[in-house]
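Note that the structure is predicted; figures quoted are calculated from it, not measured.
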Amino acid sequence: MAFKKLSIIEPILKAVAEEGYTIPTPIQQQAIPLVLQRKDLLGCAQTGTGKTAAFAIPILQILHEQKPLAPGIKTLILTPTRELAIQIGESFVAYGKHTGIRHTVIFGGVSQLNQTNALRRGVDVLIATPGRLLDLMTQGYIRLDKLQIFVLDEADRMLDMGFIHDVKKIIAKVPAKRQTLFFSATMPPEIQKLANVLLTHPAKVEVTPPASTVDKIEQSLYFVNKQEKPELLIHLLQDKAIVSALVFARTKHGADKIARILQRYNIRAAAIHGNKSQNARQDALADFKNGNLRVLVATDIAARGIDIDDLTHVINF
Ligand code: AMP
């Protein structure tokens with residue numbers, strides 16, 4: 001099936017082709033027509049399935065068809081982490097480049113000035129993490145009374161990260177009459193309850209069974225004493241087949257320690273976690289993505305949704 005079959009308009013078809021996409025992924029095939037019909041959507045899907053385009057493409061199309069656009073934020077996309085917010089912003093740049101729809105991304109950990117300047121110039125689509133959004137709403141920079149479409153991305157992750165109260169506060173400020181798209185990789189009871197409150201007669205799309213592992217991934221397990229783990233890691237990294245490795249550590253301190261040990265062995269490594277500045281996090285991620293770093297050691301802030309091309313290995317330390 002081609003994108004054209006989904007009744008996508010020319011400016012978006014062109015952008016999608018320029019991205020090199022030829023066939024819509026299963027979630028895109030299912031979700032795009034439903035969103036274009038202005039239905040509420042409950043999407044059970046993980047990152048990596050093409051979920052972002054599944055909501056970004058129809059949103060861009062709905063807004064494009066309303067041109068000339070009235071002022072005000074018409075779509076809000078709420079996502080748990082800064083990295084995901086940036087990635088969603090990049091998707092809007094890519095798919096929306098021929099539409100003239102304006103978007104901006106806001107998240108914490110950086111100065112708010114660029115963000116408030118962008119808001120002042122006017123945006124149609126706002127991509128945000130919950131904390132900074134609430135902060136800027138309280139300061140009077142953001143009003144959501146013109147909102148038409150509300151996207152809650154990675155809802156279960158919001159819960160895990162303790163954002164659910166912030167999310168509920170934001171929901172209280174969005175118009176009751178709206179279209180809601182709700183995405184979660186898993187559906188624990190609290191998330192199901194939130195979905196029931198937020199959605200009206202939703203269509204359901206599910207692409208992979210919750211929390212499944214991709215078949216293509218080959219997995220191995222090493223039984224080793226705690227003290228010997230760094231040595232084993234260094235031993236494994238002697239293998240040149242490990243071109244790039246994402247190493248998960250349980251704690252921020254542990255992540256720093258592993259990165260330091262690897263550096264001592266002349267392995268290009270850096271750590272990212274919640275105590276690093278946003279700039280340090282972005283720099284490390286950029287260096288890892290472009291191959292300057294061989295190993296990125298991360299706590300679970302990077303555990304889900306980070307899109308890295310050609311990652312060869314993941315190590316759960
Ligand atoms: P996501 O699940 O939204 O994070 O997307 C995962 C990756 O798939 C991203 O690198 C997208 O650029 C890519 N992608 C999304 N849709 C398509 C498609 N229809 N064809 C090829 N690649 C895609």
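- Here the side chains of Ile8 and Val16 are not in contact, with every heavy-atom distance at 4.5 Å or above.
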Taking it one step at a time, do Gln66 and Leu63 satisfy side-chain contact (heavy atoms from CB on, under 4.5 Å)?
CA-CA 5 Å; Gln66 294 175 9; Leu63 295 180; 4.0 Å; yes
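- Exactly one of Ile86, Thr52, Ile88 qualifies for a side-chain contact (heavy atoms from CB on, under 4.5 Å) with Thr79. That residue is Ile88.
- Sparse packing is recorded around CG of Asp310, with 12 or fewer heavy atoms of other residues, nucleotides or ligands lying under 6.0 Å away.
- When all heavy atoms of Phe317 and Val247 are compared, the closest pair comes out as CB-CG1, 3.9 Å.
- When atom types are taken as modelled, the side chain of Arg178 and the backbone of Pro175 share a donor-acceptor pair closer than 3.5 angstrom.
- Between Leu181 and Gln179 there is a side-chain heavy-atom pair separated by less than 4.5 Å.
- With ring centers used as reference points, Phe183 lies under 6.0 Å from Phe55.
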Worked verdict on Leu126 versus His103 for side-chain contact (heavy atoms from CB on, under 4.5 Å):
CA-CA 6 Å; Leu126 180 64; His103 74 273; over 6 Å; no
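- Side-chain N/O atoms of Gln278 and Gln282 include a donor and acceptor closer than 3.5 Å.
- There is no side-chain donor-acceptor pair under 3.5 Å between Arg132 and Gln112.
- Interatomic distance, CE of Met1 versus CD of Gln28, reported as 11.0 Å (0.5 Å rounding).
- Under a cut-off of 6.0 angstrom, the local environment of NZ in Lys67 is crowded, with over 12 non-hydrogen atoms contributed by other residues, nucleotides or ligands.
- Between Ile315 and Leu233, the closest side-chain pair of non-hydrogen atoms falls below 4.5 Å.
- The closest donor-acceptor contact from the side chain of Thr129 to the backbone of Pro80 lies at 3.5 Å or more, if one exists at all.
- A donor-acceptor distance shorter than 3.5 angstrom exists from the side chain of Ser111 to the backbone of Leu113, with no hydrogens or angles considered.
- Classification of Lys14 and Glu19 as a salt-bridged pair fails, no side-chain N sitting under 4.0 Å from a carboxylate O.
- Across Gly89 and Ile127, no two heavy atoms sit closer than the pair CA-CD1, 3.7 Å.
- Within a 6.0 Å sphere centred on CZ of Arg38, heavy atoms belonging to other residues, nucleotides or ligands number more than 12.
- In this structure, Tyr265 places its OH atom where only 12 or fewer heavy-atom neighbours from other residues, nucleotides or ligands lie under 6.0 Å away.
- Heavy atoms of other residues, nucleotides or ligands lying less than 6.0 angstrom from CD1 of Ile234 number more than 12.
- The side-chain heavy atoms of Ile142 and Ile106, taken from C-beta on, include a pair separated by under 4.5 Å.
- Leu119 and Leu78 fall within a single hydrophobic cluster, where Ile, Leu, Val, Met, Phe, Trp and Tyr side chains are chained together by heavy-atom contacts under 4.5 Å.
- Judged by distance alone, with hydrogens and angles left aside, the side-chain atoms of Asn290 form a donor-acceptor pair with the main-chain N or O of Ala286 at under 3.5 Å.
- Note that the CG atom of Leu13 and the CD atom of Glu18 stand 11.0 Å from one another [nearest 0.5 Å].
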Does the pair Glu154 and Thr47 meet the rule for a side chain to side chain donor-acceptor pair (under 3.5 Å), with working shown?
CA-CA 9 Å; Glu154 305 266 342; Thr47 304; 2.6 Å; yes
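- Proximity of Met158 to Leu152: side-chain heavy atoms (C-beta onward) are separated by under 4.5 Å at one or more points.
- For Lys276 and Asp256, the salt-bridge test passes: some basic side-chain N is under 4.0 Å from an acidic carboxylate O.
- No donor-acceptor pair under 3.5 Å is formed between the side chain of Asn225 and the backbone N or O of Gln227.
- The CG atom of Leu60 sits 5.0 Å away from the OG1 atom of Thr99 when rounded to the nearest 0.5 Å.
- Between atom CD1 of residue Ile12 and atom NE2 of residue His98 there is a gap of 10.5 Å, rounded to the nearest 0.5 Å.
- Smallest separation of non-hydrogen atoms from Leu34 and Ala203: CD1-CB, 3.7 Å.
- Using a distance-only test at 3.5 Å, with no hydrogens or angles considered, a donor-acceptor pair links the side chain of Thr312 to the main chain of Val243.
- For Lys257, the NZ atom sits in a loose shell: 12 or fewer heavy atoms of surrounding residues, nucleotides or ligands are nearer than 6.0 Å.
- In terms of hydrophobic clustering, with Ile, Leu, Val, Met, Phe, Trp and Tyr side chains grouped at heavy-atom distances under 4.5 Å, Phe288 and Ile242 are assigned to different clusters.
- Residues Arg250 and Thr299 fail the side-chain proximity criterion, which asks for heavy atoms closer than 4.5 Å.
- Without hydrogens or angle criteria, Asp40 side chain to Thr200 main chain gives a donor-acceptor distance under 3.5 Å.
- Under the 4.5 Å side-chain heavy-atom criterion for grouping Ile, Leu, Val, Met, Phe, Trp and Tyr, Leu236 is connected to Val224 within one hydrophobic cluster.
- Residues Ile73 and Val123 have side chains in contact (heavy-atom distance under 4.5 Å, counting atoms from C-beta outward).
- Residues Phe107 and Arg82 come closest through the heavy atom pair CB-CG, 3.8 Å.
- Salt bridge Lys51/Asp153: present, at least one basic N to carboxylate O contact under 4.0 Å.
- Hydrophobic clustering of Ile, Leu, Val, Met, Phe, Trp and Tyr side chains at less than 4.5 Å, counting indirect connections, keeps Ile267 apart from Leu296.
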Would Leu232 and Tyr222 count as a side-chain contact (heavy atoms from CB on, under 4.5 Å) if you check the C-alpha gap in whole Å, the side-chain angles of each, and the deciding distance to 0.1 Å?
CA-CA 9 Å; Leu232 174 62; Tyr222 295 86; 3.7 Å; yes
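- Under the 4.5 Å side-chain criterion, counting only non-hydrogen atoms from C-beta, Lys204 is not in contact with Leu41.
- Leu293 and Ile261 fall into different hydrophobic clusters, defined by Ile, Leu, Val, Met, Phe, Trp and Tyr side-chain heavy atoms under 4.5 Å apart, directly or through other members.
- To the nearest 0.5 angstrom, Asp287 atom CG is 12.0 Å from Lys289 atom NZ.
- In this structure, Thr116 OG1 and Arg121 CZ are separated by 9.5 Å, a value rounded to the nearest 0.5 Å.
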